[in-house]
Trainee: 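Have a look at this one before I ask anything.
Starting from 1, each residue takes its place in the sequence as its number. Source: prediction; values computed, not measured. Only this structure's heavy atoms are used, side chains among them; waters, hydrogens and symmetry mates stay out.
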Amino acid sequence: MNKEEILKKAQNRKPNQMDEMEMDIYQKSSNIGMTVGLIMCVVLMIINIYSNQPYQDVYSVFCSILCGQYMYRWIRQKDKFTLFCGICWGFVAVLLFISYRVYKIFSVNKPSMA
């Protein structure tokens, strides 16, 4: 291929279509996020099971994984929508974690004074 054909091919590409570098970033962020997330979830589940605690707060860990993936993409691509998604997933992760902990605090059976 000569330079003119390569330039013509690049100009015909749709603006929302990922190029090879963007696809590589997408794949790396997914692999990194899912590996770290899997390790975090397994460790958290083992700790909670070992201490006879429920492990439903793993859902917040999953949301934090998605937050990390979107933030990694944003750092590399500087896309506003990706930043928005990362912030939203991070907010959902924090909200789930806090709401689960508050629920745990108030649902504990307290001894009666009778």
Trainee: Verify, without hydrogens or angle tests, whether Thr35 (side chain) and Ile32 (backbone) share a donor-acceptor contact under 3.5 angstrom.
Mentor: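 A pair under 3.5 Å: no.
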Trainee: For the atom pair SG (Cys41) and CD1 (Ile65), what is the distance rounded to the nearest 0.5 Å?
Mentor: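 CD1 of Ile65 is found 4.5 Å from SG of Cys41.
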Trainee: Can you hop from Trp89 to Ile75 via hydrophobic side chains spaced under 4.5 Å?
Mentor: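 Hydrophobic grouping puts Trp89 apart from Ile75.
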Trainee: If I compare all heavy atoms of Gly86 with all of Cys67, which pair ends up nearest, and what's the gap?
Mentor: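 Shortest heavy-atom contact: O-SG, 3.2 Å.
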Trainee: Indicate the atoms forming the closest heavy-atom contact of Ala93 with Ser64, along with that distance.
Mentor: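 In this case the closest contact between Ala93 and Ser64 is CB-N, 3.6 Å.
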Trainee: Flag yes if Ile87 and Val94 sit in one hydrophobic cluster, no otherwise; membership is Ile, Leu, Val, Met, Phe, Trp, Tyr, and two members link when side-chain heavy atoms are under 4.5 Å apart.
Mentor: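 Different clusters: Ile87 never reaches Val94 through Ile, Leu, Val, Met, Phe, Trp or Tyr contacts under 4.5 Å.
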Trainee: If hydrophobic clusters are built by linking Ile, Leu, Val, Met, Phe, Trp and Tyr wherever their side-chain heavy atoms come under 4.5 Å apart, do Phe97 and Leu44 end up in the same one?
Mentor: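 In one cluster: no.
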Trainee: Is Ile47 linked to Ile39 within one hydrophobic cluster, defined over Ile, Leu, Val, Met, Phe, Trp and Tyr using a side-chain heavy-atom separation of less than 4.5 Å?
Mentor: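 Per the 4.5 Å side-chain linkage, Ile47 and Ile39 are co-clustered.
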Trainee: With hydrophobic residues grouped by side-chain heavy-atom distances under 4.5 Å, do Phe91 and Phe84 end up in a single group?
Mentor: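 No, because Phe91 and Phe84 fall into different hydrophobic clusters, even though each may have its own neighbours under 4.5 Å.
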Trainee: For the atom pair OH (Tyr70) and SG (Cys88), what is the distance rounded to the nearest 0.5 Å?
Mentor: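 SG of Cys88 is found 10.0 Å from OH of Tyr70.
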Trainee: Nearest 0.5 Å, what's the CE-CZ distance between Met40 and Phe62?
Mentor: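 CZ of Phe62 is found 12.5 Å from CE of Met40.
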Trainee: Taking atom NZ of Lys78 as the centre, does the number of heavy atoms from other residues, nucleotides or ligands within less than 6.0 Å exceed 12?
Mentor: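 Enclosed.
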Trainee: Can you check side-chain contact (heavy atoms from CB on, under 4.5 Å) on Met71 and Leu83, steps first, answer last?
Mentor: CA-CA 6 Å; Met71 294 310 246; Leu83 175 62; 3.9 Å; yes
